[in-house]
Amino acid sequence: MASPTAAREYNAGQIQVLKGLEAVRKRPGMYIGSTSARGLHHLVYEVVDNSIDEALAGFADHVDVTIHPDNSITVVDNGRGIPVDIHPTEKISGVELALTALHAGGKFENQEGGSYKVSGGLHGVGVSVVNALSEWTRVTVRRGGKVHEMAFSRGDKTQELSVTGTSKVTGTTVSFKPDGQIFEELTFSFETLSNRLRELAFLNKGVRISLTDERPTSEGAEAKRDDYHYEGGLREFVEHLRGNRKPLHPEVVYIEASRPEAEIELAMQYDDGYNENTFTFVNNINTHEGGTHLTGFKSALTRSINDYARKSGLFKKGGLESLSGDDVREGLTCVISVKVREPQFEGQTKTKLGNSEVKGAVESVVAEKLSEYLEERPGVGRAVIEKAIQAARAREAARKARDLTRKKSALETGVLPGKLADCSSSNPEIGELYIVEGDSAGGSAKQGRKREFQAILPLKGKILNVERARFDKVLSNEEIRAIITAIGSGIGEDEFDLKNARYHKIIIMTDADVDGSHIRTLLLTFFFRQMRQLIDAGFVYIAQPPLYLVKKGKQEQYAYSDAERDEIIGRYKGGDGEAKGVHVQRYKGLGEMNPEQLWKTTMDPETRTLLQVEMEDAVQADSVFSRLMGEEVEPRRKFIEENARYVKNLDV
């Protein structure tokens with residue numbers, strides 16, 4: 001208990017007030033998510049979002065982004081330009097207000113006739129946060145026939161707004177260099193920015209976005225540049241997402257409607273694959289966790305297709321009474337984009353739409369337009385329903401397989417897969433499940449583990465590639481059934497429940513060779529396609545066993561990379577620089593380590609390294625899995641040709 005003296009000393013003077021942008025620099029994670037590479041790239045998105053807002057309002061159609069050699073960024077648009085007149089209450093220019101005040105901007109004007117009806121950006125904190133977290137920021141505004149410039153350093157003004165020239169065009173240029181005092185990572189990824197800018201160009205048809213990388217390359221090539229411009233908008237987005245999968249119908253279904261609750265735009269197409277790929281956006285924000293717009297779409301799609309099948313007599317031929325939501329979405333690629341005036345976000349990562357009124361709006365629009373579309377194109381309706389009927393039959397076979405899995409479920413009967421060495425604790429928050437390649441490594445792991453909280457599930461050989469298999473075939477695979485039963489959360493949209501997961505750490509532990517990499521990739525494909533919620537919740541990890549053991553006499557150290565191995569050898573060398581008596585052992589298989597070594601290097605929470613599997617970009621992840629794990633050979637060949645030069649250690 002605090003002493004009376006200490007209690008008396010707590011007064012108003014002890015309350016810290018963070019003025020202006022001090023709060024942003026003090027706790028940047030609150031505003032941009034993190035100070036890692038993700039937060040670094042978020043700075044660019046905040047500036048680009050302002051330019052896209054101008055495009056959404058109908059005042060801009062071109063955005064240029066440039067990465068300079070020093071990893072500074074410039075974003076140029078041809079919008080109206082940030083206002084330069086003096087704000088009536090704040091008594092500073094609109095430019096200075098936008099750059100120095102949180103939540104200042106036209107996007108917060110909510111009355112009719114305000115600057116923006118809707119705006120992008122999850123946090124709405126805008127360019128002021130970019131200014132606060134940058135070593136320097138320069139803004140150029142072309143407006144009213146004049147060029148205005150202003151400069152800042154770490155949020156503080158270093159140059160007053162001044163007229164520096166004339167201009168016949170309008171727009172805003174923002175240049176900034178992220179602050180090394182704030183960010184752990186200062187190098188921008190061209191690919192990361194490219195994926196997001198391409199996405200924005202798809203979502204905002206007609207807007208041209210370019211990305212230029214001026215940083216020198218090892219080959220000394222010219223600056224890298226990509227242009228993104230899609231007059232087809234979401235139609236082209238769906239074609240891009242579908243990739244090499246064969247479409248069931250040549251034309252992408254496109255729906256667009258305006259309702260008081262939301263502007264609704266949707267494109268969809270079925271293909272011959274087995275996976276559903278539905279992506280949802282609200283005001284250009286990728287809503288990974290779905291929400292009311294997705295619920296409305298699913299409900300309308302299931303009802304419309306069932307109604308059409310009954311009217312057309314297709315159920316009689318198929319011997320069914322109805323199709324489930326999973327049946328009608330098999331092989332579907334769909335993008336739903338809604339623009340909502342005041343979106344309410346919820347969920348684990350604040351990317352789930354909560355506005356209840358949007359569900360009804362999307363549901364009614366999709367039901368009306370899709371029913372019309374199917375009536376006008378009976379060939380498309382027939383192809384879709386025949387595929388869904390096949391999916392329903394497979395679902396029935398899968399149900400039988402699932403019943404078999406459920407009989408073995410720990411939750412139902414207490415019987416776990418025979419090969420699973422379970423932990424003694426029943427608390428999932430501390431429970432860890434190691435999925436281990438092979439019986440040899442599984443034996444070492446079982447002996448070396450801490451039985452209280454670590455469970456071991458050895459896998460026999462390679463699991464099924466779920467990218468190329470229907471659900472019933474997935475569930476008939478013995479190794480996959482063992483994984484499902486051990487985890488305990490169920491599988492499939494109707495049965496999966498994250499709360500039932502028996503472990504909050506599911507750790508993939510495979511050998512450091514080609515086979516190990518392949519098994520790891522197959523497991524990641526399975527989790528991504530069938531149990532994505534585990535990845536979203538942060539439950540999936542990859543173990544990092546050492547590559548080398550370096551010994552000299554009684555000294556020994558483990559190395560997890562070639563560079564670390566060379567550094568250890570360098571330390572063990574004598575004064576003459578010779579590595580006498582230094583012995584290096586290369587670990588190719590986990591089974592080469594005894595239980596004590598495996599515990600010490602890969603399983604001990606105090607010393608191990610685990611990589612958490614995160615999904616920053618679901619669209620890109622889907623594209624990669626489809627390309628590299630799908631039926632088509634050509635996309636894989638192209639990927640290998642493009643990336644072969646980056647291979648350092650080829651294991652053949």
Open item on the list: Using modelled atom types and a 3.5 Å cut-off, is there a donor and acceptor pairing between side-chain atoms of Thr170 and backbone atoms of Gly79?
Closed with: yes

TODO: Give, for atom CG of Leu294 and atom NZ of Lys352, the distance between the pair rounded to the nearest 0.5 Å.
DONE: 9.5 Å

Open item on the list: I'd like to check His293 versus Val282 (side-chain heavy atoms, cut-off strictly below 4.5 Å). Are they in contact?
Closed with: yes

- [ ] Check for a donor-acceptor pair, side chain of Ser153 on one end and backbone N or O of Glu135 on the other, with a separation under 3.5 Å.
- [x] yes

TODO: Please examine the side chains of Thr333 and Asp271, heavy atoms only from C-beta on, and report whether any two atoms are closer than 4.5 Å.
DONE: yes

- [ ] Could you tell me the separation between the CG atom of Asn195 and the OH atom of Tyr228, rounded to the nearest 0.5 Å?
- [x] 8.0 Å

Open item on the list: For a 4.5 angstrom cut-off between non-hydrogen side-chain atoms, does Val139 reach Phe176?
Closed with: no

Task: Inter-residue atom distance Leu211.CG - Asp226.CG, 0.5 Å rounding - done: 6.5 Å

Open item on the list: So which atom in Leu197 and which in Ile209 form the shortest heavy-atom distance, rounded to 0.1 Å?
Closed with: O-CD1, 3.7 Å

Task: Derivation and outcome, side chain to side chain contact (heavy atoms under 4.5 Å, CB included), residues Arg25 and Gln181 - done: CA-CA 10 Å; Arg25 290 186 63 81; Gln181 295 176 7; 3.3 Å; yes

Task: Chi angles and distances behind the side chain to side chain contact (heavy atoms under 4.5 Å, CB included) call for Phe281, Phe237 - done: CA-CA 13 Å; Phe281 297 85; Phe237 200 178; 3.9 Å; yes

- [ ] Assess whether side-chain hydrogen bond (donor to acceptor under 3.5 Å, both in side chains) is satisfied between Asn204 and Asn284, documenting all intermediate values.
- [x] CA-CA 8 Å; Asn204 301 278; Asn284 293 326; 3.3 Å; yes

Task: Donor-acceptor under 3.5 Å (Asp77 side chain, Thr172 main chain) - done: yes

Task: Exercise: identify the closest heavy-atom pair between Arg142 and Val147 - done: CG-CG2, 4.3 Å

- [ ] For the residue pair Thr158 and Trp136, establish whether any side-chain heavy-atom pair is separated by less than 4.5 Å.
- [x] no

Task: Donor-acceptor contact present, side-chain Glu54 to main-chain Arg80, <3.5 Å - done: yes

Task: Check: Ser189 main-chain N/O paired with His41 side-chain donor or acceptor under 3.5 Å - done: yes

TODO: Kindly give the heavy-atom pair with the smallest separation between Ile73 and Val75, and that separation in Å.
DONE: CG2-CG2, 4.0 Å

- [ ] May I ask you to check whether Tyr254 and Glu265 show a side-chain donor-acceptor distance below 3.5 Å?
- [x] yes

Task: Non-hydrogen side-chain atoms of Leu332 and Leu301 separated by less than 4.5 Å - done: yes

TODO: Output, in order, the C-alpha distance, side-chain angles, deciding distance and verdict of side chain to side chain contact (heavy atoms under 4.5 Å, CB included) for Ile255 and Ile264.
DONE: CA-CA 8 Å; Ile255 294 170; Ile264 300 159; 5.5 Å; no

TODO: Taking Ser167 for its side chain and Val169 for its backbone only, find out whether a donor-acceptor pair lies under 3.5 Å.
DONE: yes

Open item on the list: Set out, in order, the CA-CA distance, both residues' side-chain angles and the distance that settles side chain to side chain contact (heavy atoms under 4.5 Å, CB included) for Thr212 and His68, then state yes or no.
Closed with: CA-CA 8 Å; Thr212 305; His68 299 295; over 6 Å; no

Task: Check against side-chain hydrogen bond (donor to acceptor under 3.5 Å, both in side chains), Ser258 and Glu263 - done: CA-CA 5 Å; Ser258 180; Glu263 303 282 332; 3.0 Å; yes

Open item on the list: Is there a side-chain hydrogen bond (donor to acceptor under 3.5 Å, both in side chains) between Tyr373 and Glu251? Walk through the geometry before answering.
Closed with: CA-CA 11 Å; Tyr373 185 91; Glu251 185 183 46; 3.0 Å; yes

Open item on the list: Checking Asp227 against Arg225 for the salt bridge (charged side-chain N to carboxylate O under 4.0 Å, His left out) test, could you report, in this order, the C-alpha distance in whole Å, the side-chain angles of both residues, the deciding distance, and whether it holds?
Closed with: CA-CA 7 Å; Asp227 280 290; Arg225 180 184 169 92; 3.3 Å; yes

Open item on the list: Working to the nearest 0.5 angstrom, can you tell me the gap between Thr287 OG1 and Glu346 CD?
Closed with: 11.5 Å

- [ ] Find the distance between CD (Gln544) and OG1 (Thr609) and round it off to the nearest 0.5 Å.
- [x] 7.0 Å

Task: Test item: side-chain donor near acceptor, Arg341 and Asn283, under 3.5 Å - done: no

Task: Side-chain donor/acceptor of Arg215 to backbone N/O of Phe188, under 3.5 Å - done: yes

- [ ] May I ask you to test the His288-Asp536 pair for a side-chain heavy-atom distance under 4.5 Å?
- [x] no

Task: Minimum heavy-atom distance between Pro247 and Gln269, given as atom pair plus value - done: CB-NE2, 3.5 Å

TODO: Measure the acute angle between the ring planes of His42 and Tyr45, then classify it against the limits of 30° and 60° as parallel, tilted or perpendicular.
DONE: perpendicular

Task: Backbone of Gly273 reached by a side-chain donor or acceptor of Arg245 within 3.5 Å - done: no

Task: Spacing of OG1 belonging to Thr35 relative to CG belonging to Asp179, to within rounding of 0.5 Å - done: 11.5 Å

Task: Ser72 (side chain) donor-acceptor with Lys177 (main chain) under 3.5 angstrom - done: no

Task: Backbone N/O of Thr173 and side chain of Thr140: donor-acceptor pair under 3.5 Å - done: no

TODO: Please assess Asp64 against Ser210 for the test side-chain hydrogen bond (donor to acceptor under 3.5 Å, both in side chains), listing each intermediate value before the final yes or no.
DONE: CA-CA 5 Å; Asp64 290 316; Ser210 70; 2.3 Å; yes

Open item on the list: Please identify which of these residues, Thr137, Val47, Val24, meets the side-chain contact (heavy atoms from CB on, under 4.5 Å) condition with Asn131.
Closed with: Thr137

Task: Donor-acceptor pair between Thr510 and Arg520 side chains, under 3.5 angstrom - done: yes

Open item on the list: Checking side-chain contact (heavy atoms from CB on, under 4.5 Å) between Tyr230 and each of Glu239, Lys205, Arg198, which is the one that passes?
Closed with: Arg198

TODO: Provide the closest heavy-atom pair for Ser337 versus Leu234 in the form atom of the first, atom of the second, distance.
DONE: CB-CD1, 4.0 Å

Task: Closest non-hydrogen atom pair between Phe528 and Met615, with its separation - done: CE1-SD, 3.2 Å

